Amino acid sequence: MTDSKASEPAIVRLTARVTGMVQGVGFRYWTARKADELGLTGAVRNDDDGAVSLVVEGPQPDIIEFRRWLSSPQAPGQVAHVDERMSPAEGGFKSFQVVG
């Protein structure tokens, strides 16, 4: 008999700050769309200094795919740098939202 929970991926949190030309180009809305496509929860917002900050939670393989997308040519605008941190999920989100 196997433990089905052993094969389930860990639920993790990615906290990221994206710099470059990422405001005024639909970056937050495309980020929300990608998160929804992957079934992730969290939030994204514009910062006063022109960066975009986000928190996203979900299964680790989906978070890894989301991380790849953030720095890929498919992300809108021009991403110069993604400062990111992974941690255990906190479970505080029910969906993915664009805020501020």
Side-chain angles (χ1 to χ4, degrees):
M1 184 176 209
T2 61
D3 182 3
S4 64
K5 291 202 180 236
S7 63
E8 291 179 16
I11 305 299
V12 297
R13 171 180 276 215
L14 171 68
T15 303
R17 188 166 190 280
V18 184
T19 57
M21 188 185 300
V22 291
Q23 287 192 16
V25 294
F27 190 88
R28 292 176 300 155
Y29 296 97
W30 282 102
T31 298
R33 184 174 176 172
K34 185 65 174 178
D36 286 344
E37 175 186 311
L38 294 170
L40 305 174
T41 61
V44 60
R45 67 176 164 82
N46 282 341
D47 292 338
D48 291 338
D49 65 358
V52 171
S53 292
L54 61 96
V55 176
V56 62
E57 293 186 348
Q60 189 169 11
D62 296 328
I63 294 292
I64 290 169
E65 182 176 339
F66 183 83
R67 284 174 64 201
R68 282 190 209 120
W69 177 85
L70 276 177
S71 297
S72 76
Q74 286 78 37
Q78 294 178 337
V79 174
H81 182 73
V82 179
D83 183 22
E84 60 185 42
R85 179 175 52 89
M86 295 277 279
S87 60
E90 296 177 15
F93 301 102
K94 293 185 179 172
S95 62
F96 194 92
Q97 298 183 344
V98 175
V99 295

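Predicted model only: the values in this text are computed from it and were never measured.
Pairing each heavy atom of Pro76 with each of Val25, the nearest pair is CB-O, 3.6 Å. The shortest heavy-atom contact between Gln23 and Ala51 is NE2-O, 2.8 Å. Annotation for Ala75 and Val79: closest pair CB-CG2, 4.5 Å, computed over non-hydrogen atoms. Here the closest non-hydrogen pair linking Val22 and Gly50 is CG2-O, 3.6 Å.
Within a 6.0 Å radius of CH2 in Trp30, other residues, nucleotides and ligands contribute 12 heavy atoms or fewer. In Glu37, the CD atom is crowded: over 12 heavy atoms of neighbouring residues, nucleotides or ligands sit closer than 6.0 Å.
Here the CG-CD distance, from Leu14 to Gln60, works out to 11.0 Å after rounding to the nearest 0.5 Å. Separating the CZ atom in Arg13 from the OG1 atom in Thr41 is a distance of 8.5 Å, to the nearest 0.5 Å. From Arg45, atom CZ reaches atom CD of Gln97 across 14.0 Å, with rounding to the nearest 0.5 Å. Interatomic distance, Glu57 CD to Ser87 OG, rounded to the nearest 0.5 Å: 7.5 Å. Distance OG1/Thr15 to CZ/Arg85: 4.5 Å, rounded to 0.5 Å. Interatomic distance, Leu40 CG to Glu65 CD, rounded to the nearest 0.5 Å: 9.0 Å.
Residues Ser71 and Val18 are not in side-chain contact: their nearest non-hydrogen atoms beyond the backbone lie 4.5 Å or more apart. Residues Leu70 and Leu54 form a side-chain contact, since some pair of their non-hydrogen atoms from C-beta on lies under 4.5 Å apart. Inter-residue side-chain proximity for Val44 and Phe96 is flagged as met; some heavy-atom pair is nearer than 4.5 Å. Two residues are said to be in side-chain contact when any heavy atoms from C-beta on lie closer than 4.5 Å; Phe27 and Asn46 fail this criterion. The shortest side-chain heavy-atom distance between Trp69 and Thr31 falls under the 4.5 Å cut-off.
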task = List the steps and the verdict of salt bridge (charged side-chain N to carboxylate O under 4.0 Å, His left out) for Asp36 and Lys34.
result = CA-CA 5 Å; Asp36 286 344; Lys34 185 65 174 178; over 6 Å; no

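Under the 4.5 Å side-chain contact rule for hydrophobic residues, Tyr29 and Val56 share a cluster. Cluster annotation: Val55 is not connected to Ile63 through the hydrophobic network of ILVMFWY side chains, with a link wherever side-chain heavy atoms come within less than 4.5 Å.
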